[in-house]
K.L.:
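Take a look at the following structure, please.
Residues: numbered from 1 along the sequence shown.
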Amino acid sequence: MSSITINKPPAMWQLPFDRYTLALVSGLSAIVLWRAMLPSFYYMRFIFFLTMLWGSISLALSIRVVIALVGTFLTKRAALWTGWRSVVLLPAVVTLLVAFKAPMHLGFAFARPALDQVIKMDFEPSGSFSISKASVGPYSIYQQANRDCHDKSRIYFTLSNDVEAGFVYSTTGIDDLCYNSGSKGHLSGNWYWMAED
């Protein structure tokens, strides 16, 4: 008489790096990437968000690993440690993307055609074309303003979903930009980003 061995699927406690853990890491990473499209993210907020990302993942993994080890001790069934590379690699890639400001550059790439069109209309002889409460790419524009701060040719686009930040069109750079010093940088061409303190 032959004995039949039934292979039971591994229990949830045996898989600390399962799809649920990966879903949690993916969700937290997506939040960071979405916030990283905004210019003000790069003025000290990135420290908070990256700390929360890695802290939350570390806490969740610690709990899952402890459960797996206790379960192994009690049941003598080994935990399966597969899948850890994806769980660790994803937040590492997100951190690298944030370090190079890639989410903001990508978001601006989607917004730039509409903003370039506004600039083109603004420089026409018929007069200024003002923009307010418009959506361009993933951004919502609160207002466009010509400010008499060092350079009248600069055009500022204040974001309604990031009110202390925006984009600046300037043919002369932004070294003498008039704002509460926070953070600023170059995007492409004559386009820059700024975030106030």
K.L.:
Please tabulate, one pair per line, all N/O donor-acceptor pairs under 3.5 Å involving side-chain atoms of residues 182-192, not counting sequence neighbours.
P.N.:
residue	atom	partner	partner atom	Å
K184	NZ	I174	O	2.9
K184	NZ	D175	O	3.3
H186	NE2	G189	O	2.8
S188	OG	R112	NH1	2.6
N190	ND2	Y169	OH	3.4
W191	NE1	D116	OD1	2.9

K.L.:
Would you find a donor on one side and an acceptor on the other, under 3.5 Å apart, between the side chain of T21 and the backbone of P16?
P.N.:
yes
K.L.:
Take F41 and M104 through the side-chain contact (heavy atoms from CB on, under 4.5 Å) test and state the conclusion after the steps.
P.N.:
CA-CA 9 Å; F41 180 86; M104 181 173 58; over 6 Å; no
K.L.:
Could you pull out all residues at least two apart from Y139 that satisfy ring pair (Phe, Tyr, Trp, His ring centres under 6.0 Å)?
P.N.:
F167
K.L.:
Does the side chain of L28 reach to within under 4.5 Å of the side chain of V32, using non-hydrogen atoms?
P.N.:
no
K.L.:
S40 pairs by side-chain hydrogen bond (donor to acceptor under 3.5 Å, both in side chains) with which of R35, E164, R45?
P.N.:
R45
K.L.:
In Å, rounded to the nearest 0.5 Å, how long is the span from CD1 of I67 to CG of L15?
P.N.:
12.0 Å
K.L.:
Does S160 use its side chain to pair, donor to acceptor, with the backbone of S140 at less than 3.5 Å?
P.N.:
yes
K.L.:
With rounding to the nearest 0.5 Å, note down the distance linking CE in M37 to OH in Y42.
P.N.:
9.5 Å
K.L.:
Does V98 reach the side chain of F49, with side-chain heavy atoms less than 4.5 Å apart?
P.N.:
no
K.L.:
Rounded to the nearest 0.5 Å, what separation is found between the CD1 atom of I57 and the OG atom of S62?
P.N.:
11.5 Å
K.L.:
Go through L115 and F108 one step at a time and tell me if the side-chain contact (heavy atoms from CB on, under 4.5 Å) criterion holds.
P.N.:
CA-CA 9 Å; L115 292 173; F108 183 77; 3.7 Å; yes
K.L.:
With side chains defined as the heavy atoms from C-beta onward, is the minimum distance between L80 and F17 less than 4.5 Å?
P.N.:
no
K.L.:
Rounded to the nearest 0.5 Å, how far apart are OG of S56 and CG of L61?
P.N.:
10.5 Å
K.L.:
Is there a side-chain contact (heavy atoms from CB on, under 4.5 Å) between I141 and L159 once you walk through the steps?
P.N.:
CA-CA 5 Å; I141 301 294; L159 303 177; 3.6 Å; yes
K.L.:
Could you verify whether a donor N or O on one side chain and an acceptor N or O on the other, from T95 and W54, lie under 3.5 Å apart?
P.N.:
yes
